[in-house]
There are 2 protein chains.
Amino acid sequence: MRPSAFLSPLAPTGQLPEPPLGGASGRPVAIYARGEEIYGEGAPANRLFRVMFGAVRLYRLLPDGRRQIGAFYLPGEVFGFEAKARHRFFAEAILPTGLATIPPSADPEFTRALLTVALSTLARTQLHLEVLGRQMACERVAAFLVDIAERSGGERVLTLPMQRADIGDYLGLTVETVSRIFSKMKEAGLIRLPNSRRVEILDEAALRRLGGHPLSWDA
Amino acid sequence: MRPSAFLSPLAPTGQLPEPPLGGASGRPVAIYARGEEIYGEGAPANRLFRVMFGAVRLYRLLPDGRRQIGAFYLPGEVFGFEAKARHRFFAEAILPTGLATIPPSADPEFTRALLTVALSTLARTQLHLEVLGRQMACERVAAFLVDIAERSGGERVLTLPMQRADIGDYLGLTVETVSRIFSKMKEAGLIRLPNSRRVEILDEAALRRLGGHPLSWDA
DNA sequence: CGGGAGATTGAGCCCCGTCAAAAACAGTGG
DNA sequence: CCACTGTTTTTGACGGGGCTCAATCTCCCG
């Protein structure tokens, strides 16, 4: 499969200038257990992380407990930057996860690379915004599946690292709705579900039709 | 009023390093008419804009015509950067609007300033995401009003540059719902509506309670 | 004063959230 | 290997918040 430059701008496919942000080269990898907090809201934001393996969720909590997951990070992707000195999100490992730490640097080359990553993250967040603002539940799930498929290498069979509740909190839906839509998609022959964590995409074109226009900014 | 460093990071309050991105100093200002397109989807993204007066909406269209407004830009704010070489959004003047153009530069100082702006924009987009993903219609409208109030100087009486349809497409709601909620808020004594474009905030605390926690990342 | 765009209000319906229960699954210890 | 327990997922029934459709009202501006 052709790597989508946009959906995987942070992946180790070579788009990111390797020297400043890239080097996992010899850097120590910290291991986090499933569910372990990487940093919390209010923690000082003084370093970046690159996912070496596993997966990470970034989220915020409303006072009454509602949770919005802002992003998932898969192997190769970079997260942890903030506009201010402190984090406004929680970051947690979804699975046993290895993270390489990228210390900050005043090097212009580093700044440039960070800008690239920040702009890619912004672009993805804006796309996410469109999904939450203007798409129906089934379109959201379809967009999510297509996105994850692209980011995890374009395999036809993918293993979701997160559970249904995470998907719901990412898409602005309830667990029940997500589950129901998975079932509908299975009935409709769009996907197969060997088990709850594994999804085989049978009709990618139909999913893309549901999920919006992921190619319009690819040029 | 105390300027909120976060909600107005792009405003001419001095937070942004002035030399590289800041200078409206002597730069020509292009005037756009109400409704005029500043750039379209697919246009080359090769310069930034600073709003001198007026207001701008940034939006995307789904194939079937649904519109998601990703952001509004008020005087002092900067927009126009993209991760790729081409725009994925449409930008339009909402009112007669004056824009100063900021040409790109390879200067490290410029890159650093651009990074600051990009990170602020990302932070705001993530907040918007939370509103769309997890808040009820009335909470969205409340959050919107508080946000606009802060960004336009914290006045108690504000003049909305955009119409109801824009607010709806920004908040993921229909015009009718936005209108109904304005009416409810008026009945409840939270706001007054001298006319449809003008909003007087009577009970800011109640609006903030509705609209989430805009102070949690202010530290 | 008339025309048109935008805003408001009403009626009805549907998608999806809520509540509840059953089913599938993952460990754990016997 | 199997009972036992807690977690996650699925499915069902029901109600409500917000969308759709449609009519009316308000405000500009000629």
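Values reported hereafter were calculated over all heavy atoms of this structure, with side chains retained and with hydrogens, waters and symmetry mates removed.
- Residues satisfying the side-chain hydrogen bond (donor to acceptor under 3.5 Å, both in side chains) criterion with A/Gln126, sequence neighbours excluded, are B/Arg88.
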Practice task
Indicate for each nucleotide in nucleotides 13-30 of chain D, in 5' to 3' sequence, whether protein heavy atoms under 4.0 Å reach the base (B), only the sugar-phosphate (S), or nothing (-).
Solution key: B----SSBBB--------
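- Considering only residues two or more places apart in sequence or on other chains, B/Phe144 meets the ring pair (Phe, Tyr, Trp, His ring centres under 6.0 Å) condition with B/Tyr170.
- Across the protein-nucleic acid pair, B/Asp169 atom CG and C/dA7 atom C1' stand 15 Å apart, rounded to whole Å.
- Here the P atom of nucleotide C/dA5 and the CG atom of B/Asp166 are 16 Å apart, to the nearest Å.
- Atom P of nucleotide C/dT9 and atom NZ of B/Lys186 are separated by 6 Å, given to the nearest angstrom.
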Can you give me the N/O atom pairs linking the protein to nucleotides 26-29 of chain C at distances under 3.5 Å, or say none if there are none?
none

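- The side chain to side chain donor-acceptor pair (under 3.5 Å) with A/Tyr59 is formed by just one residue from the set A/Glu41, A/Gln68, A/Glu92; it is A/Glu92.
- Rounded to whole Å, the distance from CD1 on B/Ile191 to C1' on C/dT8 is 13 Å.
- When the C1' atom of D/dT10 is taken as reference, atom CD of A/Glu187 falls 12 Å away, rounded to whole Å.
- For A/Ala91, the side-chain contact (heavy atoms from CB on, under 4.5 Å) test picks out A/Ile38, A/Tyr39, A/Val56, A/Leu58, A/Phe79, with sequence neighbours left out.
- As a whole-Å value, the separation of A/Gln163 CD from D/dG6 C1' is 13 Å.
- Listed by chain and residue number, A/Tyr32, A/Ala33 satisfy the side-chain contact (heavy atoms from CB on, under 4.5 Å) test with A/Glu36 (two or more places apart in sequence, or in another chain).
- Under the rule for a side-chain contact (heavy atoms from CB on, under 4.5 Å), the partners of B/Ala188 that lie at least two apart in sequence or sit in another chain are B/Leu190.
- Residue B/Leu193 contributes atom CG, which lies 11 Å from atom C1' of C/dT8 at whole-angstrom precision.
- For B/Ser179, the listed nucleotide lying nearest its side chain is C/dA7; candidates were C/dA7, D/dT10, D/dT8.
- Taking the salt bridge (charged side-chain N to carboxylate O under 4.0 Å, His left out) definition, one finds that A/Arg156 meets it with A/Glu200, sequence neighbours left out.
- Residues satisfying the side-chain hydrogen bond (donor to acceptor under 3.5 Å, both in side chains) test with A/Asp64, not counting sequence neighbours, are A/Arg66.
- In this entry the distance linking CD1 of A/Ile167 with P of D/dT8 reads 13 Å, nearest Å.
- A/Arg197 comes within contact range of the sugar-phosphate backbone alone, with a heavy-atom separation under 4.0 Å but no base atom that close.
- By the 6.0 Å contact criterion, CZ on B/Arg197 is enclosed, its count of non-hydrogen atoms from other residues, nucleotides or ligands being greater than 12.
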Check: residues 171-179 of chain A side-chain donor-acceptor pairs under 3.5 Å, at least two apart:
from: A/Thr174; atom 1: OG1; to: A/Thr177; atom 2: N; distance (Å): 3.2
from: A/Thr174; atom 1: OG1; to: A/Thr177; atom 2: OG1; distance (Å): 3.0

Using distance only, find each side-chain donor-acceptor pair of residues 159-169 of chain B under 3.5 Å and give its atom names and separation, not counting sequence neighbours.
from: B/Thr159; atom 1: OG1; to: B/Arg198; atom 2: NH1; distance (Å): 3.2
from: B/Arg164; atom 1: NH1; to: B/Ser196; atom 2: O; distance (Å): 2.9
from: B/Arg164; atom 1: NH2; to: B/Ser196; atom 2: O; distance (Å): 2.8
from: B/Asp166; atom 1: OD1; to: B/Arg57; atom 2: NH1; distance (Å): 3.1
from: B/Asp166; atom 1: OD1; to: B/Arg67; atom 2: NH1; distance (Å): 3.4
from: B/Asp166; atom 1: OD1; to: B/Arg67; atom 2: NH2; distance (Å): 2.8
from: B/Asp166; atom 1: OD2; to: B/Arg57; atom 2: NH1; distance (Å): 3.0
from: B/Asp166; atom 1: OD2; to: B/Gln163; atom 2: N; distance (Å): 3.4
from: B/Asp169; atom 1: OD1; to: A/Arg134; atom 2: NH2; distance (Å): 2.8
from: B/Asp169; atom 1: OD2; to: B/Arg67; atom 2: NE; distance (Å): 2.6
from: B/Asp169; atom 1: OD2; to: B/Arg67; atom 2: NH2; distance (Å): 2.9

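- Taken over five-pair windows at either terminus, the axes of the helix from C/dC1-D/dG30 to C/dG30-D/dC1 are inclined to one another by 40° (rounded to 10 degrees).
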